[in-house]
Student: 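Pasting a structure below so you can have a look.
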Number of protein chains: 2
Amino acid sequence: MTTPAKILLVDDELDILEFLSYNLKKEGYEVHTATNGTEAIEVAKKVIPNLVILDVMMPDMDGIETCRQIRALPGLKDMMVAFLTARNEDYSQIAGFEVGADDYINKPIKPRVLSSRIKALLRRGSNTEVAEENEDLGGIKIDRERFVILKDGKEISLPKKEFELIELLASKPGKVFTRDIILDKVWGGDVVVGDRTIDVHVRKLREKLGDNYIKTVKGIGYKFEF
Amino acid sequence: MTTPAKILLVDDELDILEFLSYNLKKEGYEVHTATNGTEAIEVAKKVIPNLVILDVMMPDMDGIETCRQIRALPGLKDMMVAFLTARNEDYSQIAGFEVGADDYINKPIKPRVLSSRIKALLRRGSNTEVAEENEDLGGIKIDRERFVILKDGKEISLPKKEFELIELLASKPGKVFTRDIILDKVWGGDVVVGDRTIDVHVRKLREKLGDNYIKTVKGIGYKFEF
DNA sequence: ATTATAATTAACAAAGTATTACCGGGGAGT
DNA sequence: ACTCCCCGGTAATACTTTGTTAATTATAAT
């Protein structure tokens with residue numbers, strides 16, 4: 001770590017703002033905050049953040065519009081942008097990607113998830129050179145931005161759950177994810193679903209991606225390998 | 001599997017304490033309890049729990065403050081902390097995370113939910129440790145994360161029991177593990193299996209790893225050597 | 001040689017996973 | 001508002017792998 005990354009948080013709900021702010025500071029980031037679009041633009045001009053986290057739903061000026069305006073500022077074209085959205089807001093419905101969102105983060109926010117997402121974002125952001133090439137995982141690329149998998153250049157679009165599942169598994173190729181962990185991360189710790197639900201989703205993924213990527217580790221769980 | 005995780009429960013309501021305690025013990029955890037902050041700190045000093053579950057609302061000293069004090073104790077910085085909160089007590093969440101809460105559990109508590117949350121927490125806690133490079137044991141490496149053995153760079157995947165067995169033996173190379181101990185650690189103290197079960201598993205391991213690693217000590221047990 | 005302990009093998013039981021079919025809810029399009 | 005269709009999930013069943021047992025053979029120690 002050289003100089004801490006600067007993050008601008010924008011949300012009209014003070015609770016959330018504080019909560020996120022605290023957690024990010026703990027991770028060593030330099031955190032700035034704003035409670036509305038106008039204020040956000042002011043702050044952005046001054047601090048030139050590496051990453052802006054914007055609530056989509058805000059009074060006055062919504063996150064999308066705010067984003068558009070911030071991006072128009074000099075020197076801020078290359079900054080990373082993440083939107084906060086309520087759970088279950090279908091990604092495709094959101095106009096955010098049109099203004100160049102780099103990630104979506106669902107509320108309610110789990111600190112651990114947040115932290116890793118942000119790290120990933122900042123890493124991506126610092127790759128100023130290449131227009132952000134997604135990692136190639138044995139002929140497969142995960143395009144979070146478009147919510148699509150690329151297999152040998154061919155697009156395969158996945159439903160949400162399947163996407164989240166492959167995303168998790170591929171996040172650390174080779175690592176075995178226990179059923180517990182998968183349930184926890186993809187379905188959420190307190191949702192109780194049947195034992196075979198994961199299997200079925202794995203099945204559907206294998207149908208679409210081919211049988212060579214997701215391996216079962218009997219008695220333990222699954223892992224992504226190539 | 002190895003040694004049971006230690007959990008410290010703190011709540012002023014005896015009903016809840018008993019209820020949780022019962023459920024957690026059933027899951028195989030070592031459970032300690034306290035009914036107030038001061039007592040909690042005493043117990044924490046002694047047992048050095050892996051996880052503390054704290055009621056936020058308590059007379060005398062509330063959960064947050066208790067947590068702060070416990071964390072200040074030597075050797076307890078890295079422990080996991082979960083707070084029990086009444087439904088929708090949003091405000092306390094913020095304060096809680098400031099003292100390093102790792103999770104919130106809402107009352108009323110459903111045992112099933114509790115169980116999975118706790119598993120996740122303890123897992124997270126142990127993951128927090130150092131990224132622990134795998135030791136090379138005479139051409140063999142045990143990769144717990146991927147759940148495979150690496151022999152001369154080549155991956156050998158093992159079934160659960162075989163993996164646990166080699167893991168145990170290799171945990172202290174050279175040391176002889178008696179059949180009793182092996183049964184206890186791998187199969188669990190209360191499971192009754194036949195005399196030859198261990199032999200068969202050793203056999204299978206030797207088939208896969210070669211005959212040069214596991215040595216028999218007649219009349220005593222087995223040891224891992226290289 | 002005799003006895004006790006261990007290794008091997010094959011057959012069986014149990015656990016775990018894959019597959020298929022199906023159902024209900026919610027959104028998209030009409 | 002009414003379909004229709006897709007997604008996410010369940011249930012039942014078939015299938016595979018793993019774990020255990022028991023019977024048999026081999027080995028070492030006295």
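Letters A, B, ... mirror the listed sequences (proteins, then strands); counts begin at 1. The analysis underlying the following values was restricted to heavy atoms, covering all of them including side chains, and did not include hydrogens, waters or symmetry mates.
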Student: Looking at every heavy atom in both B/Leu183 and B/Val193, which two are closest together, and how far apart are they?
Tutor: CD2-CG2, 3.5 Å
Student: Using only side-chain N and O atoms of B/Arg203, determine if any of them is under 4.0 Å from OP1 or OP2 of C/dT8.
Tutor: yes
Student: Considering all heavy atoms of both residues, which atom of B/Leu9 and which atom of B/Ser21 are nearest to each other, and what is their separation?
Tutor: CD1-N, 3.5 Å
Student: Taking only N and O in the side chain of A/Tyr222, is any of them less than 4.0 Å away from OP1 or OP2 of C/dG16?
Tutor: no
Student: Look at the side-chain N and O atoms of A/Thr216 and state whether any lies under 4.0 Å from the OP1 or OP2 oxygen of C/dA18.
Tutor: yes
Student: Which of parallel (below 30°), tilted (30 to 60°) and perpendicular (above 60°) describes A/Phe224 and A/Tyr213?
Tutor: parallel
Student: With distance as the sole criterion, is a donor-acceptor pair present between the side chains of B/Ser171 and B/Glu167 under 3.5 Å?
Tutor: no
Student: Roughly what angle, to 10°, lies between the helix axis at the start of the helix from C/dA1-D/dT30 to C/dT30-D/dA1 and the one at its end, five pairs per end?
Tutor: 30°
Student: On DNA chain C, nearest-nucleotide positions of B/Asp199 versus B/Glu207: which is more 5'?
Tutor: B/Asp199
Student: Could you write nucleotides 9-20 of chain D as a row of B, S and -, 5' to 3', where a protein heavy atom under 4.0 Å of any base atom gives B, of only sugar-phosphate atoms gives S, and otherwise -?
Tutor: BB-----BSSBB
Student: Hey, is the main chain of B/Lys160 close enough, under 3.5 Å, to the side chain of A/Lys218 for a donor-acceptor pair?
Tutor: no
Student: Can you confirm if the NZ or CZ of B/Lys25 lies within 45° of the ring axis of B/Tyr29 and under 6.0 Å from the centre of its six-membered ring?
Tutor: no
